[in-house]
Protein chains: 2
Amino acid sequence: MGSKRVTLAQVAELAGVSVMTASYTYNQPNRVSDQARSKVLAAAAQLGYAGPDPSARSLRRGSTRTLGVVLGEHLSYAFDDPQAVSFLAGIADVCAGHGYGVTIVPITGAADDVTRVRDAAVDGFIVWTTADDDPIIAAVRATKRPAVVHGGPAVRGMGLVTIDNRAAAYAVGLVVFAGAQRPAVVSCPLSRERISTITPGVAPSSALFAVTRHRLEGYRQAAEELGIAWHDVVVAVCARNDVTEAEHITATLLASDEPPDAIAAMSDEQAAGVVRAAHAAGRVIPDDMTVSGWDDAAVAQRLGLTTVAQSLRDQGAACAQAALGGKPDSYADAWSVVRRTTTRG
Amino acid sequence: MGSKRVTLAQVAELAGVSVMTASYTYNQPNRVSDQARSKVLAAAAQLGYAGPDPSARSLRRGSTRTLGVVLGEHLSYAFDDPQAVSFLAGIADVCAGHGYGVTIVPITGAADDVTRVRDAAVDGFIVWTTADDDPIIAAVRATKRPAVVHGGPAVRGMGLVTIDNRAAAYAVGLVVFAGAQRPAVVSCPLSRERISTITPGVAPSSALFAVTRHRLEGYRQAAEELGIAWHDVVVAVCARNDVTEAEHITATLLASDEPPDAIAAMSDEQAAGVVRAAHAAGRVIPDDMTVSGWDDAAVAQRLGLTTVAQSLRDQGAACAQAALGGKPDSYADAWSVVRRTTTRG
DNA sequence: CTGTTAGCGCTTTCAC
DNA sequence: GTGAAAGCGCTAACAG
C-alpha cells in the first residue's frame, strides 16, 4: 500500500506494461487485451492506485467536465430561496445526465469574487439572475468560456434563459389590479445594495436587475391600461425574498393614509407575507384587497394565490444544456397566469 | 485579441519578462515591481489572457481548492429535501469563507457512479447520509482523499458528523408515545431500495441507513419503557421524504382495525402529512392522537409540531470544516426536543 | 525583485 | 493491441 501518491507510471511498471496500456485500461478498456487489463488492475490494486488524477487529466484533455454556477452576491440568500434551489436541481439533473459535475462558485460579495470566478476549474458558467452592473458578469466573460445567464442581464456573447417577465407581469397585473383604486407592488430589490424602500411610481428603469425592471414595466403597463397613473402606484421594495419582510412592509402599507387595495408581489413567498399582513389588518381577500404572487410554488397552491407559473427547474436545465453546447430554446413564453382565489372574477 | 488559448508564456514574452514574473503577477503581486506588474497586465489585456489555467494550476499545486459533495443515489431527491439543502448551504458557507468551491458529484444510481466519484477533481469529499452498503462509500474511500460522512454510516478513516439519533428518538418517543395504546412510526427508508411497507415491530437492525436504524432503536426503547411491546408498534416506511406519501400511508394506518393513537415521524414533512391525514380522518390532535416530527423546520413551527430540533446547516458547516482539515467537533448532543401542541402535557 | 530549471500526471499523436 | 515521444500550462524550488 503506497503511502504517497501513486502514479500511473508506477502501476504500469509493476504490471510490466507501458504507461499507455495502463492509461487505456482506464479510458478505453476494449482497446486492451484482457490479459494486460487484469495485470494493470492487479498492479493498481496492489499499489492502492486511486485512478487517474483528475487535475492532470483535465489539463491534458482541456476539459474539466464540470459546469460552474454563480449564484450571486450571497450564497446564503440563494440557498434560502426555493426557486434558486429548483433552478440548481435542473442544472444538476442535466449535468448528471452528461457525466458533468456542478461547481458552486463561492461568491461572497467581496472584492476577490472576480478571482474566484477566474480560478474556477469549469468548462462553462451559468449565472443566476443578477444586476446589470454586477462585476461578476465581466469576470465570467473574461474567462472566455461558454456562459449562460438566467433572468438577466442580457450580455453579448452569452446565452440568456428567461421568461418574458414584462409580458407576464402585464398579464397578471391586469388580473390583480382589476377594479382596484390604489394598487401597489411588493418588489424584489432594485439593485445589489438591496435597500428596502416605499416609493410611489418607481421608475422601472431605475431597477438594475433586469427581472425586476421588466416586471415593473409590465405592472405599470397594466395599471395604466386600467386607468391608474403609475405615479400613484406605491412600490415597496424588499431587501430579501422573505415572508417576514414582506409581511412587515405590507403592514406598513396598510397602516398608511391611503392603504392599497391590490398588491402584486414578485414572489409567492412575498405574497404569503402580504396575505398574512392583510389578515392581521382585518382585510378580507379578495373582497377588500387582491393579491398576486409569482412562481407558482407549493405555497401558492396552499394559499390559493393567483400567480405567474414558471418552472425554474426547466430553466435551470435549459441553462445547463446551453452551457454544454446545446441549442438554447427560447423560454420567453414558458409562463402562464394561474388564477386562484386571491383575485376576483 | 488571441483567438486560441493564450498562455502565460505568451503574455510574458509580450511583456518582455520571464514567465515567472508573469506568474508572480497573478499569485504574489507584492513580490513583483509595479513596473513589471503593469507591463504584464497590459500584455495580458492586449492578448486577452483569461488568467492562469485552473487545471494546470491544480495539477502543479496538487490541490483543486474544491470540496466534493455526494448527495446520494438521486440528485433530484436531494434537492427536493429542504434539510439536504440546508446542509448544502452550511457547506457552501464554510467553503466560500476559505475560497473553496463546492462540487456536486453527479450520482444517479447507475453503475458508473463509482467512476464519477473517482474522476471528481476535489480535495475532499462530504457524503450525505447513506446506507451501510452503498458502494459510494468504497469509491470515496478509494480516492484516499479526506472524507466526512454525515449521519452515517461510520466508516474507518472517515470523519462522521451526526447527532445522537438514538438518544433523540428515545427522548421524543417518550413524549409522543406517552399515554398511547397503539403507537406507530412513520419512517424513512430502511434501504436504498426505498420500498414502502407497513409492518409491526420492524427490527431496527434491518435498517441499512444508520440514521433510520438509530431512530428506530430510540423509539423502541421509549415504547418499551412506556410498557408497550415493540412488536405491537407498526412501522410505516415511506419511500421518499414527502408530505403526500406520508399522508397516504397515514390514511391507510388510520383506516385499519387498530388505528394508531400516536405517530412518531422521522421528518417534519412526513409529520405534516400525518397531521393532514389525521384531520381528514376526523382525529383531533393531540386529544385523539399525538404526532411528532423531526428537524424543527419552518413547517414544524407553523403546525405547532412537537419535534426534534437540529441544525443541518451547522452540521454541513462542520462537515466542510472537517474535510478542510479542521477538528470535527462532536455533534452528538446538538439536538433538543421542542414540545408544541401535537403532543400532550 | 527576477529568472532558470524541472516536472506535476496524464493522454494525444503517431508509429509499430 | 501496444508503445515512445511530446507536451498540456503552470508554479515550487532554488539561484542570482
Side-chain angles (χ1 to χ4, degrees), chain A residues 2 4-41 43-44 47-65 115 118-123 143-145, chain B residues 2 4-41 43-44 47-65 115 118-123 143-145:
Chain A
K4 274 294 174 190
R5 169 170 262 126
V6 183
T7 72
L8 196 52
Q10 296 171 43
V11 172
E13 186 178 0
L14 178 60
V17 298
S18 77
V19 190
M20 278 323 298
T21 301
S23 178
Y24 289 141
T25 300
Y26 285 94
N27 298 301
Q28 306 173 46
N30 347 338
R31 196 172 159 176
V32 174
S33 68
D34 291 359
Q35 192 189 356
R37 188 171 42 226
S38 40
K39 275 194 298 185
V40 170
L41 261 22
L47 257 31
Y49 180 60
D53 180 88
S55 296
R57 178 181 262 184
S58 294
L59 173 59
R60 189 60 248 230
R61 295 211 277 223
S63 156
T64 60
R65 294 175 188 274
T115 312
R118 202 189 63 198
D119 293 350
V122 300
D123 290 351
T143 66
K144 297 185 161 178
R145 287 183 278 237
Chain B
K4 274 293 174 190
R5 169 171 261 125
V6 184
T7 71
L8 195 54
Q10 295 171 46
V11 172
E13 187 177 0
L14 178 60
V17 299
S18 77
V19 193
M20 277 323 296
T21 301
S23 177
Y24 289 141
T25 300
Y26 286 94
N27 298 300
Q28 306 173 46
N30 348 337
R31 195 171 158 175
V32 174
S33 68
D34 290 359
Q35 192 189 357
R37 186 170 45 225
S38 41
K39 277 195 297 185
V40 171
L41 260 21
L47 257 31
Y49 179 60
D53 180 88
S55 296
R57 179 181 262 184
S58 295
L59 173 59
R60 186 61 247 230
R61 293 212 277 224
S63 156
T64 60
R65 293 174 189 275
T115 312
R118 201 189 63 198
D119 293 350
V122 300
D123 291 350
T143 65
K144 298 185 162 181
R145 286 183 281 241

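Since the model is a prediction, treat every value here as computed from it, not as a measurement. Residue numbers begin at 1 in each chain, while the letters A, B, ... track the order of the sequences.
- For DNA chain D, the span of nucleotides reached by chain A at under 4.0 Å from its heavy atoms goes, 5' to 3', from D/dG1 to D/dG9.
- A search for salt bridge (charged side-chain N to carboxylate O under 4.0 Å, His left out) contacts involving A/Arg118 returns nothing, not counting sequence neighbours.
- Take A/Ser18 and apply the side-chain hydrogen bond (donor to acceptor under 3.5 Å, both in side chains) test, not counting sequence neighbours, and it matches A/Thr21.
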B/S/- contact track for nucleotides 9-16 of chain C, protein heavy atom under 4.0 Å: BBBBBB--
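- Atom CD of A/Gln10 is surrounded by more than 12 heavy atoms from other residues, nucleotides or ligands within 6.0 Å.
- Taking B/Ala50 as the reference, nothing meets the side-chain contact (heavy atoms from CB on, under 4.5 Å) condition, with sequence neighbours excluded.
- Every residue was checked against the side-chain hydrogen bond (donor to acceptor under 3.5 Å, both in side chains) condition with A/Thr143, not counting sequence neighbours, and none meets it.
- Listed by chain and residue number, A/Arg37 satisfy the side-chain hydrogen bond (donor to acceptor under 3.5 Å, both in side chains) test with A/Asp34 (two or more places apart in sequence, or in another chain).
- Residues forming a ring-ring contact (aromatic ring centres under 6.0 Å, His included) with B/Tyr26 (at least two apart in sequence, or on another chain): B/Tyr49.
- In terms of heavy-atom proximity, B/Val6 sits nearest to B/Leu47 at CG2-O, 3.5 Å.
- Under the rule for a side-chain contact (heavy atoms from CB on, under 4.5 Å), the partners of B/Asp123 that lie at least two apart in sequence or sit in another chain are B/Ser63, B/Thr64, B/Tyr100.
- Across the helix from C/dC1-D/dG16 to C/dC16-D/dG1, the helix axis at one end is tilted relative to the axis at the other end by 20° (nearest 10 degrees, each axis from five pairs).
- When the side-chain contact (heavy atoms from CB on, under 4.5 Å) test is applied to B/Gln28, the partners found at least two apart in sequence or on another chain are B/Tyr24, B/Arg31.
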